[in-house]
Amino acid sequence: MTSTLQHFATVNDAAAATSKKLQKQAILADYFRGLPEDDLRLAVRFAAGRAFASTDARVLNVGWAVVGEAILAILSLAPAELRKLSIAAGEVGEAIAKVWETSRTRPPPGGDGLTLRNVAAGFDEIARLGMRQNKLAAVHDLFRHAATGREAAYLAKIIFGDLRTGVQEGVLQAAVAAAFDAPLAKIQRVQLLIGDLEEVAVLARRQDLDSATFTLFHPIQFMLAAPQETPADAAATLAGRSFVAEDKLDGIRAQIHKSGQGVAAKVAIYTRTLDRVDESFPDVVRQIETIAGDFLLDGEIVPYRDGQVLPFGQLQKRLGRKSPPAAILRQNPCAFIAFDILFRDGSLLMDEPLAARRAQLDALCGGTAVPILAQVPVVTESQITTAFTASRDRRNEGIILKDSAGPYAPGRRGGLWFKLKTHLPTLDCVVTAAETGHGKRRNSLSDYTFAVWNDEAANTSEDSADGPAPQSHWPLELVNVGKAYSGVTDDEIAQLTALFTEITTSTDGRVRQVRPQVVLEIAFDQIQRSDRHASGFALRFPRIKRIRWDKRPEDADRLSRVTELYESISNFAKPTSEPSPTPAEPTLFDGM
DNA sequence: AACCGAGGGTC
DNA sequence: GTCGCAC
DNA sequence: GTGCGACGACCCTCGGTT
C-alpha cells in the first residue's frame, strides 16, 4: 500500500492544529511508524517543507508566478481574486484549499488524488526541466491531479517550502525517535553524522542506527553562540568558569571539508544553511588546498587584504556569484580564518574539549596560509571588557566567549558559547508608513517605515559658510531611514494597527502612508550608506526598542545625528577610509 | 541592450 | 542577522 | 533553554519586458 498525499495532509493538519510540541510529535510519530521505507523518506522530507532531501542539491526554481498561473488554469478564478484570497488566508495554499473542489473547471484525472510518490516524481520533473513553459506544464500537471483542497494546499506549501505546521527539524527528530523507539539524542547524533533526517528515519526503522559513521563532505550543523547584553551579564553567566575570548569577525560562517592531495585534492565550503559555496570563493579553495591532510575546519570567511580584515560590505559582491570575474576577485579578495577543527585524518574531534581541538588546529594550520583566530583567557568582568574593547578597536563586531572544556555541540546555542556585540546608540524615528503582515500577522499592520528630520538639506541650500551648522528651522522634511517589525509585542501591534488605520492618509496595495505622529525608539547594529531610503542611509538589524508615546514627532532625531553615528568609531560598517597605516594586528591571529 | 521584479542566499 | 511567543 | 515564525538591508541570478 502506498501512502497518499491526502493522508499526509490530514496528519499535518492535525499537527498544525495543536500548539503543543509533544502532541505534534506524537501525531507525526504514529504516522511515520506506519509507513514503508520509501514513503517514510518522502513523508519526513515533505513534513520538513522540503521538495528534495537536504543533501540533494536540486531546486524546483518555481515561485509565485508559475504556481499562480498553474492554479488559475485549473480554477475558474480571476487573478485578482486569487491574490485577494491569498492575502486574506496569509498564504496561497490555504487560499486555494477553500475553493479547490467548488471552483475547478473539470474533475481530477483518475479522481483518486496523489500519492507521495507521484508528488516526488513531479518534483523530479519540475527540477529537471528548463524553461518557464516546461516547468509550468509540470506544476500544472501535479496540481490538476490533486483531488481535494487539502492536497492542493500541501502541494503549494511544500513547493514554497513552508508548511506552517509549527513543525521543524526539532519536532521532526523527536517524532522519528518516538516512532521507532530510539533515544532522541541518538537520532540527533546520527543525523549529525549522515546529514539527512529521512535517512536517519530509515535506519531507525531498521533498528540499525549504530551503523552510521561520519564521512567528510556531509556538512554538520554549526555550533552557535547565545547573545549576552553586557560584559557584566556575560561575567555573571560564566560564573567564574574559565572561558576564552575570540574576536567576532563580520564575515560568513563557513565549514570547510578537505581531502586528498594535489590534483586529487577535494574541497567543499558549506555555509550556515549547509549550502555549498565553493564556486563563489575560488581564492579560499586555493588557500585551503595548501594544507596537507584530510580535515574539517570551522571558521569565518572574511574580506581580507594584506593581513587586514575589511568591512562586510566588501564580501557581499562575492555572495551568490557562480563564477566571480577576475576583477571582482581582485577588488574583493577573501580569506578563511580558522577557529575550530572537528575532524582530522580519520579522527572525529567534535567530542574533544575545545582546548584539545585547538591544539590540533595549531598543529595543522600553525604557520600556514590559514590564519588561526587568537584566543585570550577570560574569567572576570574586567577581562571580558578588555577583550571586548580591544576587538572593537580592531574594527571587529565584538567577541565570542567559549568554554574551553566544552565539546563542539552542533546546532546548539546555549551554555558553551556566548556572543557580545558592539552596539550604537538608538535613534528616535517617526513612522511614515505601515504595512500589512503575512501569515499570522496577516490581519495587522505589523511592519513600519520610519524617518528622521532632514536638517541637512535646509542647511546646505541656504547657508554657504562651512562653520558650525546654524539652528535649523521648520518646516523640516521627513526622510525615511528604515523599516522594522521586530521588538514590539502582539498587544502593541494591535494598538498600533488601530491607530495607523485611523491616521492613514493614502493606501497603495498593502502599504499605507500615515500621518507623522508615532515616535519609535529604534536600536540597530550598524549604519550603511544606501539609496534604498531617502535619507541616504540604511540600518543593519533594525529593531523597535520601545514606542515613545511620550514623544511628539518634532522630538525625533535629525539626519545630522544619523550622519554623526555613521561616522562614529563603533560603526565599523563604514568603509575603511585609508589603506590602514598600521600593519596586521599582532593580537588577532595566532600561529603566523 | 538596458531595465525591472521575483527569488534566494548572506548577515 | 533580530525579536516575541509558546512550550 | 529551545524551537518557531515573522521580519530588516544587501547583493546575486534569472527571466520577462521595454
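No experiment lies behind these values; they were computed from the predicted model shown. Reminder, nothing fancy here: chain letters follow the sequence lines and each chain counts from 1.
Residue A/Leu22 is classed as having no contact, given no heavy-atom separation below 4.0 Å to the nucleic acid. Nucleic acid contact for A/Arg253: sugar-phosphate only, since backbone atoms but no base atoms lie under 4.0 Å from a heavy atom of the residue. Within 4.0 Å (heavy atoms only), A/Thr273 reaches sugar-phosphate atoms of the nucleic acid but no base atom. The residue A/Gly313 sits apart from the nucleic acid: no heavy atom pair falls under 4.0 Å. Within the nucleic acid shown, A/Gln316 comes within 4.0 Å of at least one base atom, counting heavy atoms only.
In the set D/dC10, B/dC11, C/dC5, B/dC11 carries the atom at the smallest distance from any side-chain atom of A/Asp250. Closest to the A/Arg441 side chain, of the nucleotides D/dG8, D/dA6, B/dG9, is D/dA6. The side chain of A/Lys21 lies closest to D/dT2, out of D/dT2, D/dA9, B/dC11. Taking every side-chain heavy atom of A/Lys419 into account, C/dT2 is the closest of D/dC10, C/dT2, B/dC11. Listed nucleotides D/dC7, D/dC10, C/dC3 differ in distance to A/Arg543; the shortest reach to its side chain belongs to C/dC3. Picking from D/dC12, C/dC7, D/dG8 the nucleotide with the shortest atom distance to the side chain of A/Ser19 gives C/dC7. Across D/dG8, B/dC11, C/dC5, the shortest atom-to-atom separation from the side chain of A/Phe312 is found for B/dC11. Distance from the side chain of A/Gln168 is smallest to D/dG3 among C/dT2, D/dG3, D/dC12.
Here A/Arg253 pairs with A/Asp298 in a salt bridge; the nearest charged N to carboxylate O distance falls below 4.0 Å. Using a 4.0 Å cut-off between charged nitrogen and carboxylate oxygen, A/Asp283 and A/Arg318 count as a salt-bridge pair. Between A/Lys135 and A/Glu125 no salt bridge is recorded (no basic side-chain N to carboxylate O distance below 4.0 Å). A salt bridge is defined here as a Lys NZ or Arg NE, NH1 or NH2 lying under 4.0 Å from an Asp or Glu carboxylate O, and A/Arg510 with A/Glu435 fails to meet this definition.
Between A/Thr489 and C/dG4 there is no side-chain N or O to OP1 or OP2 distance below 4.0 Å. Phosphate proximity of D/dC14 to A/Lys322: present, with a side-chain N or O under 4.0 Å from OP1 or OP2. An OP1 or OP2 oxygen of D/dC10 is reached within less than 4.0 angstrom by a side-chain nitrogen or oxygen of A/Arg532. Applying the 4.0 Å criterion to OP1 and OP2 of D/dC7, one finds that A/Ser446 has a side-chain N or O inside that range. The phosphate of D/dA9 has OP1 or OP2 within less than 4.0 Å of a side-chain N or O from A/His533. Under 4.0 angstrom from either OP1 or OP2 of D/dC4 there lies no side-chain N or O belonging to A/Arg164. A sub-4.0 Å separation between OP1 or OP2 of D/dC10 and a side-chain N or O of A/Ser530 is present. For A/Thr271, no side-chain nitrogen or oxygen approaches OP1 or OP2 of B/dG9 to under 4.0 Å.
A distance of 6.0 Å or more separates the ring centres of A/Phe46 and A/Phe52.
Summarising the geometry, the separation between OH on A/Tyr485 and P on C/dC3 is reported as 12 Å, rounded to the nearest angstrom. Going from atom NZ of A/Lys440 over to atom P of C/dA6 covers 8 Å, rounded to whole Å. Note: CG (A/Leu319) to P (B/dG9) measures 12 Å, nearest angstrom. Between the CG atom of A/Asp447 and the C1' atom of D/dA6 there is a distance of 9 Å, given to the nearest Å. We find that CG of A/Asp491 is positioned 19 Å from P of C/dC3, with the value rounded to whole Å. If you take CZ of A/Phe281 and C1' of D/dC11, they are 12 Å apart, rounded to a whole angstrom. For the pair A/Gln314 CD and B/dC11 P, the interatomic distance rounds to 17 Å; values are reported in whole Å. The distance between atom NZ of A/Lys20 and atom P of D/dC4, rounded to the nearest whole Å, is 17 Å.
The nearest heavy atom of DNA chain D to A/Arg529 and to A/Ser323 marks one nucleotide each, and the one closer to the 5' end goes with A/Arg529.
Using bins of under 30°, 30° to 60° and over 60° for the plane-to-plane angle, the ring pair A/Phe500/A/Tyr448 lands in the tilted bin.
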List the atom pairs, donor and acceptor, that lie under 3.5 Å between side-chain atoms in residues 223-238 of chain A and the rest of the protein, sequence neighbours left out.
residue  : atom : partner  : partner atom : Å
A/Gln228 : OE1  : A/Thr237 : OG1          : 2.7
A/Thr230 : OG1  : A/Ala232 : N            : 3.4
A/Thr230 : OG1  : A/Asp233 : N            : 3.0
A/Thr230 : OG1  : A/Asp233 : OD2          : 3.3
A/Asp233 : OD2  : A/Thr230 : N            : 3.4
A/Thr237 : OG1  : A/Asp233 : O            : 2.8

